[in-house]
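Reading through the structure tokens given below for one structure.
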Amino acid sequence: MDTWLYRGDHKKNEQGFVEKIGGGMEKIQQAIIRLSVPKGSFALDEELGSKLSMLGKVPGNQREELALEYAREAILPVEGVEVTSVKCSQADFEKLVLEMTLEYSGEDAPKEQAMFLWQLNF
């Protein structure tokens with residue numbers, strides 16, 4: 001079990017205690033952490049993270065395909081989680097938004113699905 005991360009902080013229950021997360025949602029949270037961290041930026045594990053931050057340098061017609069490839073590569077160490085879809089949109093000239101669907105289908109917990117929004121300012 002891990003602590004549930006929510007909007008950059010620990011999620012708390014009605015009494016103010018930190019909530020725990022387990023099963024498929026814990027695995028999805030681990031995948032989201034890997035997607036959120038730029039690859040090579042975490043000193044203790046330079047393999048942790050994704051190359052999604054490089055998408056700003058990629059032509060628009062190649063972004064979705066590369067985003068899916070980068071996302072799948074980043075979460076390989078997380079067993080049972082798969083990125084099933086990625087949609088790219090450009091909110092304005094300097095902002096790229098990725099909408100990803102992550103799915104957990106491991107044997108130790110019920111199937112779970114989550115939507116993850118990721119934003120790149122360039």
Side-chain angles (χ1 to χ4, degrees):
M1 288 219 128
D2 202 353
T3 56
W4 195 336
L5 301 177
Y6 182 73
R7 296 186 180 182
D9 201 355
H10 297 284
K11 187 172 183 181
K12 296 181 180 155
N13 63 19
E14 294 173 359
Q15 291 82 29
F17 295 108
V18 174
E19 286 193 36
K20 298 288 183 184
I21 190 172
M25 287 309 293
E26 179 182 12
K27 294 287 189 176
I28 288 174
Q29 178 172 282
Q30 291 171 1
I32 289 171
I33 291 168
R34 290 181 160 280
L35 292 168
S36 302
V37 175
K39 189 167 186 116
S41 68
F42 186 60
L44 299 175
D45 182 358
E46 292 185 0
E47 290 302 309
L48 181 120
S50 73
K51 298 179 195 172
L52 293 173
S53 60
M54 297 169 54
L55 289 174
K57 300 174 185 173
V58 174
N61 62 345
Q62 297 175 1
R63 284 187 181 147
E64 278 189 11
E65 183 179 341
L66 274 175
L68 185 59
E69 180 183 321
Y70 292 164
R72 286 181 172 165
E73 176 186 301
I75 68 166
L76 273 175
V78 184
E79 285 186 34
V81 179
E82 180 184 0
V83 178
T84 57
S85 69
V86 175
K87 292 180 186 175
C88 293
S89 60
Q90 197 152 349
D92 58 40
F93 184 71
E94 298 177 348
K95 193 180 297 182
L96 176 67
V97 177
L98 300 179
E99 183 179 312
M100 297 182 211
T101 304
L102 292 104
E103 194 171 280
Y104 175 78
S105 57
E107 296 177 13
D108 61 334
K111 187 174 183 176
E112 297 277 358
Q113 192 174 47
M115 185 70 68
F116 172 60
L117 290 175
W118 185 86
Q119 183 174 300
L120 171 67
N121 296 317
F122 50 91

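No side-chain donor-acceptor contact under 3.5 Å links Glu112 to the backbone of Glu26. Formation of a donor-acceptor pair under 3.5 Å by the Glu79 side chain with backbone atoms of Gly106 is not found in this model. With hydrogens and angles ignored, the 3.5 Å screen pairs no side-chain donor or acceptor of Glu99 with any backbone N or O of Lys87.
At least one side-chain heavy atom of Gln29 sits under 4.5 Å from a side-chain heavy atom of Trp4. Lys39 is listed as a side-chain neighbour of Glu47, based on a closest heavy-atom distance under 4.5 Å. Looking at heavy atoms from C-beta onward, Trp118 lies out of side-chain contact with Leu35 at the 4.5 angstrom threshold.
The line from CD of Gln30 to CD1 of Ile21 is 9.0 Å long, rounded to the nearest 0.5 Å. To the nearest 0.5 Å, atoms CD1 (Ile75) and CD1 (Ile33) are separated by 13.0 Å. Atom CD of residue Gln119 and atom CG of residue Asn121 lie 5.0 Å apart, to the nearest 0.5 angstrom. Rounding to the nearest 0.5 Å gives a distance of 10.0 Å between CG of Leu48 and OG of Ser36. The distance from the CD atom of Glu82 to the NZ atom of Lys27 is 15.0 Å, given to the nearest 0.5 Å. Of the inter-residue distances, the one linking Asp45 atom CG with Arg34 atom CZ reads 6.5 Å to the nearest 0.5 angstrom.
Around the CD atom of Gln15, the shell of radius 6.0 Å holds more than 12 heavy atoms that belong to other residues, nucleotides or ligands.
Between Ser85 and Thr101, the side chains place a donor N or O and an acceptor N or O closer than 3.5 Å (distance only, hydrogens not considered).
Val86 and Leu66 end up in the same hydrophobic cluster when Ile, Leu, Val, Met, Phe, Trp and Tyr side chains are linked at under 4.5 Å. No single ILVMFWY cluster, assembled from side-chain heavy atoms under 4.5 Å apart, contains both Tyr104 and Leu5. Val97 and Met54 sit in two unconnected hydrophobic clusters of ILVMFWY residues. Membership requires side-chain heavy atoms under 4.5 Å apart, directly or through other members. Met25 is connected to Phe116 through a chain of hydrophobic side-chain contacts under 4.5 Å among Ile, Leu, Val, Met, Phe, Trp and Tyr, so both are in one cluster.
In plain terms, the two heavy atoms of Leu98 and Cys88 that are nearest each other are CD2-SG, 2.9 Å. Contact detail for Leu120 and Leu55: the closest heavy-atom pair is CD2-C, 4.3 Å. The two residues Gly49 and Ala74 have their closest heavy-atom pair at O-CB, 3.4 Å.
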Side chain to side chain contact (heavy atoms under 4.5 Å, CB included) evaluation trace for Gln113 with Leu102: CA-CA 6 Å; Gln113 192 174 47; Leu102 292 104; over 6 Å; no
Side chain to side chain contact (heavy atoms under 4.5 Å, CB included) between Glu64 and Leu68, worked out: CA-CA 6 Å; Glu64 278 189 11; Leu68 185 59; over 6 Å; no
How far apart are the C-alpha atoms of Leu52 and Met100, what are their side-chain angles, what is the distance that settles it, and do they pass the side chain to side chain contact (heavy atoms under 4.5 Å, CB included) test? CA-CA 12 Å; Leu52 293 173; Met100 297 182 211; 3.4 Å; yes
Side chain to side chain contact (heavy atoms under 4.5 Å, CB included) between Lys20 and Thr3, worked out: CA-CA 4 Å; Lys20 298 288 183 184; Thr3 56; 4.0 Å; yes
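Using a 4.0 Å cut-off between charged nitrogen and carboxylate oxygen, Glu19 and Lys12 do not count as a salt-bridge pair. A salt bridge links Lys111 with Glu103: at least one charged nitrogen is closer than 4.0 Å to a carboxylate oxygen.
Checked against salt bridge (Lys or Arg N to Asp or Glu O under 4.0 Å), Lys51 has the following partners two or more places apart in sequence or in another chain: Glu73.
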